[in-house]
Novice: 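Below is one structure. I have some questions about it.
Heavy atoms only: backbone and side chains are in, while hydrogens, waters and symmetry mates are out. Within every chain, numbering begins at 1; the chains are lettered A, B, ... in the order of the sequence lines, protein sequences first and strands thereafter.
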Amino acid sequence: MSEAMFRALLAMLAKLRTQWWRPPKARTQARRRDDPERGVDDELRYHLERRAEELIERGASPGEAERRAVEEFGDVGRARAYCARMAARVERRRRRRRAAGDLALDARYAARTLARTPAFTALTVLIMAVGIGANTAVFSVVNAVLLEPLDYPESDRLLQVWETDTRQSTFEDPISPVDLQDWREQAATLSEIAGYGYEALALAGDGPPERIVGIETSDNFFAVLGVEPALGRTFAADEEGPGHRVAVLGNALWRNRFAADPEVLGRSITLGGLPYVVIGVMPEGFAFPSAGELWVPFAFDVTQMSHGRSPRRGGRSYRDRRWHARDLHALAGPTPHEPGWRRPSTASDAPFSGIGAAGRWRRTPITRRAGAASPSPGSPHGGFARLLERSQPLGRHGSSQPQSTGPSKLHVPGSGNCVHGLRPA
Amino acid sequence: MARKSGALLQGTVDVLLLKTLQEGPMHGYGVSSAIRERTDGVVGLDDAALYQALHRLEAKGWVEAEWGVSENNRRAKYYRLTSKGRKHLRAEAATWRRFAGAVFKVIDG
């Protein structure tokens with residue numbers, strides 16, 4: 001603290017003392033002066049005394065002079081009461097004005113003091129500005145990510161499920177589609193589980209070929225989110241697996257590529273060289289995951305995977321090689337506040353049996369981290385990049401042939417996927 | 001004394017007081033003596049009414065008061081015309097002149 005500031009502080013304290021603390025004698029004097037009734041009494045007494053003196057000068061006796069003075073005056077009691085009322089009003093106004101004046105003086109004094117130490121003032125202002133700014137920024141993020149509910153019905157019941165690999169001490173792992181299948185069948189505390197994964201797709205037909213971020217989903221994906229399409233329909237039950245070549249368009253894609261044509265329903269489009277039928281268009285604002293431009297059902301056959309052996313991995317099962325398969329991480333059901341909820345921490349504690357050998361899993365509420373993060377070019381997985389880092393990078397800048405861009409060890413059937421499950425119970 | 005003789009029209013007191021104070025700050029006793037002298041005791045303004053009027057004028061902001069020391073060295077409350085009071089006096093005096101003129105016209109005509 002500079003010396004000037006110190007002196008200013010001392011002066012301020014001294015000022016406070018004179019304003020709010022006065023020696024007792026000064027206080028009573030001040031009260032006497034400011035008391036309207038007393039003032040009126042003093043004034044009237046002065047008048048009566050002066051008048052009596054005048055009468056005495058003219059030869060009246062003191063007693064008679066006093067009597068006549070009062071008599072001449074008129075109704076002293078009434079005058080006194082009326083004057084006191086008026087004086088009180090004046091005093092109140094004076095006090096208000098004095099307080100305002102003091103405030104203005106203090107403000108000017110503060111401004112002068114600050115102006116004398118411009119460097120210190122600038123630094124202080126800067127520190128406060130940064131502090132306020134940082135708080136605002138942090139709050140904006142916290143508000144958007146944690147406090148504001150998601151735009152889905154009963155979004156407080158949407159959960160995200162991650163897998164934890166105890167052998168490798170990794171957590172929030174992508175999940176293999178085989179496990180997803182088990183979870184969907186066996187989950188007891190979750191009403192429904194949906195999954196999704198990213199899939200870079202080459203869209204052809206109706207104009208030049210275009211690379212878009214496709215989202216492969218389980219058949220219940222939209223039902224779990226609780227969203228309805230703006231046009232047409234979403235995936236029907238069991239509309240999942242090889243051969244179900246239907247697609248739901250995102251609103252932006254529909255407007256940009258198909259000129260918002262409502263006739264687009266039923267039209268055939270080419271995705272990755274295969275014909276798909278457009279069955280629905282999502283409403284404006286819907287984007288989950290946020291990078292998604294188009295949604296198609298899972299094209300893989302889980303039943304084959306769970307019993308089969310990876311042809312390229314020395315015969316190890318898909319379940320054990322979850323990192324090279326499709327990945328899942330979210331689901332929903334009763335929220336942790338409800339009776340009957342137990343926080344599952346190990347395989348034995350989990351509501352699932354038959355879960356992968358890795359065993360551990362956990363779930364967390366879905367936040368905007370998953371739903372609202374927008375991917376930057378080159379990081380097409382957006383909020384799920386962490387989950388998917390072991391699968392192929394996909395999307396606009398990826399390849400429609402995942403094998404050609406991902407790390408070589410990721411040569412697996414299909415592409416890297418993230419399975420996401422959600423469901424308001 | 002002819003103190004009670006003249007009945008006062010409403011609003012007259014204010015004009016009389018303001019006019020008297022135009023000459024300079026004065027305490028209540030001074031105002032009372034000045035009015036008595038100037039009106040030759042014709043205007044019956046008792047002191048109780050005078051003090052009430054002074055305080056009313058102060059509350060209206062037409063005069064302001066301050067404690068001072070009187071001619072005979074005692075503490076007395078002095079009243080002074082404010083600019084607001086001066087403006088009011090001008091307006092009231094004009095009204096009065098018009099009114100009085102009209103009355104004279106009737107009486108003399």
Novice: Taking Glu64(B) first and then Arg94(A), would you say they form a salt bridge - that is, a charged N and a carboxylate O separated by under 4.0 Å?
Specialist: no
Novice: For Leu48(A), which atoms come within 4.5 Å of any heavy atom of chain B: side chain, backbone, both, or neither?
Specialist: neither
Novice: Can you tell me which of Arg78(A), His47(A), Met86(A) forms the most heavy-atom pairs within a distance under 4.5 Å of chain B?
Specialist: His47(A)
Novice: For the residue pair Leu44(A) and Tyr51(B), establish whether any side-chain heavy-atom pair is separated by less than 4.5 Å.
Specialist: yes
Novice: So, are Asp42(A) and Arg75(B) salt-bridged, with charged N and O less than 4.0 Å apart?
Specialist: yes
Novice: When rounded to the nearest 0.5 angstrom, what distance separates CD in Glu43(A) from OH in Tyr78(B)?
Specialist: 12.0 Å
Novice: If I compare all heavy atoms of Glu58(B) with all of Arg93(A), which pair ends up nearest, and what's the gap?
Specialist: O-NH2, 3.3 Å
Novice: Measure the spacing between CZ of Arg85(A) and CZ of Arg56(B) and express it to the nearest 0.5 Å.
Specialist: 11.5 Å
Novice: Calculate, to the nearest 0.5 Å, the distance between atoms OH and CG belonging to Tyr46(A) and Asn72(B) respectively.
Specialist: 4.5 Å
Novice: For Glu37(A), I'd like to know if atom CD has over 12 heavy atoms of other residues, nucleotides or ligands within 6.0 Å.
Specialist: no
Novice: With a 4.5 Å limit on heavy-atom distance, are the side chains of Val40(A) and His55(B) in contact?
Specialist: yes
Novice: Could you pull out the closest heavy-atom pair between Asp46(B) and Glu72(A), with the gap in Å?
Specialist: CB-O, 4.2 Å
Novice: Taking CD in Glu71(B) as the centre, count heavy atoms belonging to other residues, nucleotides or ligands within less than 6.0 Å. Is the count above 12?
Specialist: yes
Novice: Around atom CD of Glu228(A), are there more than 12 heavy atoms of other residues, nucleotides or ligands at under 6.0 Å?
Specialist: no
Novice: Let's test your reading of the structure: which of Ala79(A), Ala84(A), Cys83(A), Ala81(A) forms the most heavy-atom pairs below 4.5 Å with chain B?
Specialist: Cys83(A)
Novice: So for Tyr82(A), is it side chain, backbone, both, or neither that comes closer than 4.5 Å to the heavy atoms of chain B?
Specialist: side chain
